[in-house]
Amino acid sequence: EVQLQASGGGLVQAGGSLRLSCAASGFAFGHRGIGWFRQVPGQERQGVACISDVDGRTYYADSVKGRFAIASDNAANTVYLLMNNLKPEDTAVYYCAVTLVAAYSASYYCQHERDMHYWGKGTQLTVSS
């Protein structure tokens, strides 16, 4: 059974840093697409950062480019979202998601969440001004 467990959210001041973790089980990291998405109440969920083993590249939404980084520890089956220079507009529930057999690029997965087949429960990030 595929399971994803996101953690690391919390309350942080603007300008601060935080690291989210997504621990995966039930499958081996390898040929997959994995990403972080976020959702603000009343808004659509947005792809924030994604990795795809198809092209080995990462993709970042414009709103987080230069501040966030997605990193994968294959040995630990864990993906991280490293967040720096946090802003109040980063406040959201953050989700990790995966597709087990990647067929598309990282940018595709971040923009087509319907092709991410497994989702973890979200973790809340609140950035105070």
Please report the interatomic distance SG(C50) to CD1(I34), rounded to the nearest 0.5 Å.
9.5 Å
A103 backbone acceptor or donor facing Y109 side chain under 3.5 Å:
yes
If every non-hydrogen atom of A61 is compared with every non-hydrogen atom of Q46, which pair is closest and at what distance?
CB-NE2, 3.7 Å
Of all the heavy-atom pairs spanning A92 and V40, show the shortest one and how long it is.
CB-CG2, 3.9 Å
Please find the pair of heavy atoms, one from S21 and one from W36, that lie closest to each other, and give the distance.
O-CH2, 3.5 Å
So Y94 and F68, would you call those rings parallel, tilted or perpendicular, with 30° and 60° as cut-offs?
tilted
I want to check something: taking the side chain as every heavy atom from C-beta on, are L18 and L86 in contact at a cut-off of under 4.5 Å?
yes
Does the T78 side chain pair with the main chain of A76, one donor and one acceptor, at a distance under 3.5 Å?
yes
Please examine the side chains of P88 and Q13, heavy atoms only from C-beta on, and report whether any two atoms are closer than 4.5 Å.
no
Are W119 and F37, when compared by the centres of their aromatic rings, separated by less than 6.0 Å?
yes
Got a salt bridge between D90 and K87, using NZ or NE/NH1/NH2 to carboxylate O under 4.0 Å?
no
Spacing of OG belonging to S17 relative to CZ belonging to R67, to within rounding of 0.5 Å:
10.5 Å
Applying a strict under-4.5 Å side-chain criterion to I, L, V, M, F, W and Y, I'd like to know whether V127 and V93 cluster together.
no
Going from OH on Y108 to CE on M116, what distance comes out if it is rounded to the nearest 0.5 angstrom?
11.0 Å
Any sub-3.5 Å donor-acceptor pair from T99's side-chain atoms to H117's backbone N or O?
no
Can you tell me how far apart CD1 (I70) and SG (C22) are? Round to the nearest 0.5 Å.
9.0 Å
Using a 6.0 Å distance limit plus a 45 degree cone around the ring axis, check whether R38 lies over the aromatic ring of Y95.
no
Should V79 and L125 be counted in the same cluster of Ile, Leu, Val, Met, Phe, Trp and Tyr side chains packed under 4.5 Å apart?
yes
Please give me the minimum heavy-atom distance between A14 and S129, naming the atom from each residue.
CB-CA, 4.3 Å
Measure across Q43 and Q39 and return the closest heavy-atom pair with its distance rounded to 0.1 Å.
O-NE2, 3.1 Å
Shortest non-hydrogen contact from C96 toward A6
SG-CB, 4.1 Å
Group every Ile, Leu, Val, Met, Phe, Trp and Tyr by side-chain heavy-atom contacts under 4.5 Å, then state whether Y60 and M83 land in the same group.
yes
Can you measure from CD (Q3) to CD (Q5) and round to the nearest 0.5 angstrom?
8.0 Å
Rounded distance (nearest 0.5 Å) linking atom OG of S25 with atom CG of L4
7.5 Å
Are I51 and L100 linked, directly or through intermediate hydrophobic residues, by side-chain heavy-atom contacts shorter than 4.5 Å (ILVMFWY only)?
yes
Would you call H112 and Y104 a side-chain contact if the rule is heavy atoms closer than 4.5 Å?
no
